[in-house]
Amino acid sequence: MFEPLKAKYFEAPTLELSRDLLGKILVHEGPEGIVAGRIVETEAYMGAEDRAAHSFGNRRTKRTEVMFGRSGLVYTYQMHTHTLVNVVSGPEDEPRAILIRAVEPIEGIEFMAERRGHHMPMKQWTNGPGKLTKALGITMDYNGHHFTERPLYIAEGEAVHAVSTGPRVGIGNSQEAVHYPYRFWESDNPFVSKFRP
DNA sequence: ACCCAGATCATCT
DNA sequence: GATGATCTGGGTC
């Protein structure tokens, strides 16, 4: 089946890792069974110097604390009623993270359908950061977990065909950071999220 | 295009 | 202790 990647994998520079995570498999071995999705969209948040990052200016709160830890840790946070999941990146005390914005359903289709609602077309199950956490059953309980460990981990996958880059989504008030090309997605993949105008 | 659900945090009072 | 903003999604208009 799927095997977790080693901790060393997550030590790559943040932008490189954001690009490389495309095609990898996000796996959750939940109580009901295995659900997995192929990562097709990510966004890098570059820590102290990035106005769009929670950790801008090394802001350290209960929420951002895990971003200061070692690479490969799970950073989850709530956006209104939704949970969003990030991969912590960079050495300790460099509070960088990569937001997983979209995945392509691979395994456990029936569990995803159940959690997202059978009336919804498959394309809309996981094409957004709040949607994929719900589809895969990822909750705030995983904050501080490590992506090399079951039951929530990242595994080797199928290489991406082509990668596009562009500005990040939904960071309107972040001044100069608004235009940084820190969003990565697999070109023409139908499970990539819609840009928010 | 708007509305609202409501966790977390900064910035008030 | 209250308010306003946010890395969003679903429903409705």
Side-chain angles (χ1 to χ4, degrees), chain A residues 14-15 17-19 21-22 26 35 37 39-69 71 73-90 94-105 111-145 147 154 164-186 190-197:
Chain A
T14 305
L15 294 176
L17 184 59
S18 301
R19 158 71 180 73
L21 280 167
L22 299 175
L26 179 61
V35 283
I39 299 170
V40 298
E41 182 180 357
T42 60
E43 277 179 4
Y45 287 85
M46 298 297 280
E49 285 77 50
D50 181 358
R51 207 170 274 282
H54 288 155
S55 52
F56 175 67
N58 282 319
R59 186 151 54 97
R60 199 161 187 152
T61 66
K62 192 188 281 188
R63 182 175 63 157
T64 62
E65 186 61 34
V66 69
M67 295 181 78
F68 291 82
S71 57
L73 285 169
V74 177
Y75 170 39
T76 54
Y77 67 91
Q78 291 291 131
M79 181 58 185
H80 288 263
T81 53
H82 309 290
T83 302
L84 278 64
V85 67
N86 300 251
V87 180
V88 173
S89 173
E94 282 282 339
R96 301 180 175 178
I98 299 160
L99 172 65
I100 301 176
R101 286 197 55 88
V103 305
E104 175 180 341
F111 303 124
M112 296 194 211
E114 201 157 307
R115 288 197 271 249
R116 296 286 294 125
H118 291 270
H119 57 285
M120 185 166 295
M122 185 168 162
K123 263 180 66 171
Q124 292 172 33
W125 289 355
T126 54
N127 65 337
K131 299 181 191 182
L132 73 91
T133 55
K134 189 172 180 194
L136 298 186
I138 298 171
T139 63
M140 288 295 289
D141 296 339
Y142 285 108
N143 193 47
H145 174 79
F147 274 117
I154 291 173
S164 299
T165 63
R168 292 171 290 183
V169 176
I171 55 167
N173 276 23
S174 302
Q175 301 171 41
E176 78 280 359
V178 165
H179 303 294
Y180 295 169
Y182 290 167
R183 178 175 178 234
F184 302 83
W185 67 95
E186 183 175 37
F191 295 93
V192 169
S193 71
K194 286 263 197 295
F195 185 76
R196 186 176 289 258

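In what follows, chains carry the letters A, B, and so on, assigned in the order in which the sequence lines appear, proteins first and then strands, with residues in each chain numbered from 1. What's counted below: heavy atoms across the whole structure, side chains too, no hydrogens, waters or symmetry copies. In this text, all values refer to a predicted model and were calculated from it rather than measured experimentally.
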My understanding is that only residues two or more places apart in sequence, or in another chain, count here; which of them pass side-chain contact (heavy atoms from CB on, under 4.5 Å) with A/Gln175? A/Arg51
Considering only C/dT8, B/dT8, C/dG10, which nucleotide approaches the side chain of A/Met120 most closely? C/dG10
Whole-Å gap separating P (C/dG11) and CD (A/Gln124): 10 Å
Distance-only check: which donor-acceptor pairs under 3.5 Å involve side-chain atoms of residues 119-127 of chain A, not counting sequence neighbours?
unit_1, atom_1, unit_2, atom_2, d
A/Trp125, NE1, A/Met120, O, 3.0
A/Thr126, OG1, A/Val103, O, 2.6
A/Asn127, OD1, A/Lys131, NZ, 3.0

With a 4.0 Å heavy-atom cut-off, tell me which residues in residues 57-65 of chain A come close to DNA chain B, sorted by residue number. A/Arg59, A/Thr61, A/Lys62, A/Arg63
Which residue, A/Val169 or A/Lys134, contacts DNA chain C at a nucleotide closer to its 5' end, judged by nearest heavy atom? A/Val169
Could you give the CG-to-C1' distance, from A/Asn127 to C/dT8, as a whole number of Å? 12 Å
Regarding A/Ile171, tell me which of base, sugar-phosphate or nothing describes its non-hydrogen contacts under 4.0 Å with the strands shown. sugar-phosphate
Sub-4.5 Å side-chain heavy-atom contact between A/Phe147 and A/Val87: yes
By the 4.0 Å heavy-atom rule, please label A/Arg168 as base, sugar-phosphate, or nothing. nothing
Can you see which heavy atom on A/Gly37 is nearest to which on A/Leu136, and at what distance? N-CD2, 4.4 Å
Heavy-atom pair of closest approach, residues A/Ala53 and A/Gly47: CB-O, 3.8 Å
Could you grab the distance from atom CD of A/Glu49 to atom OH of A/Tyr180, nearest 0.5 Å is fine? 9.5 Å
Apply side chain to side chain donor-acceptor pair (under 3.5 Å) to A/Glu43 and list each qualifying residue two or more places apart in sequence or on a separate chain. A/Tyr45
Is a side-chain N or O of A/Thr64 found less than 3.5 angstrom from the main chain of A/Arg59, in a donor-acceptor match? yes
When rounded to whole Å, the CZ to C1' distance for the pair A/Arg116 and C/dG9 reads 8 Å
Please report the closest heavy-atom contact between A/Arg168 and A/Ala52, naming both atoms and the distance. NH2-CB, 3.7 Å
Got a minute to check which stems DNA chain C is part of, using Watson-Crick or G-U wobble pairs under 3.5 Å, three or more consecutive? B:1-5 with C:8-12, B:7-12 with C:1-6
Nucleotide N/O to protein N/O under 3.5 Å, stretch nucleotides 1-5 of chain B:
none

Separation of atom CZ in A/Phe195 from atom C1' in C/dT8, rounded to whole Å: 14 Å
Whole angstrom value for the distance that separates C1' of C/dA5 from CZ of A/Arg51: 16 Å
Write down the distance between CH2 (A/Trp125) and C1' (C/dG10), rounded to a whole number of angstrom. 17 Å
With rounding to the nearest 0.5 angstrom, report the CD1 to CD1 distance, A/Ile154 to A/Ile39. 4.5 Å
So CD1 of A/Ile98 and OG1 of A/Thr42: to nearest 0.5 Å the spacing works out to 6.5 Å
A/Leu132 CG to C/dG9 P, straight-line distance once rounded to whole Å: 9 Å
Round to a whole Å and report the spacing from CG of A/Asp141 to C1' of B/dA7. 14 Å
Which atoms form the tightest heavy-atom contact between A/Ala97 and A/Met67, and what is the distance? CB-CE, 3.7 Å
Can you identify which nucleotide, out of C/dG10, B/dT8, C/dT8, has its nearest atom closest to the A/Leu84 side chain? C/dT8
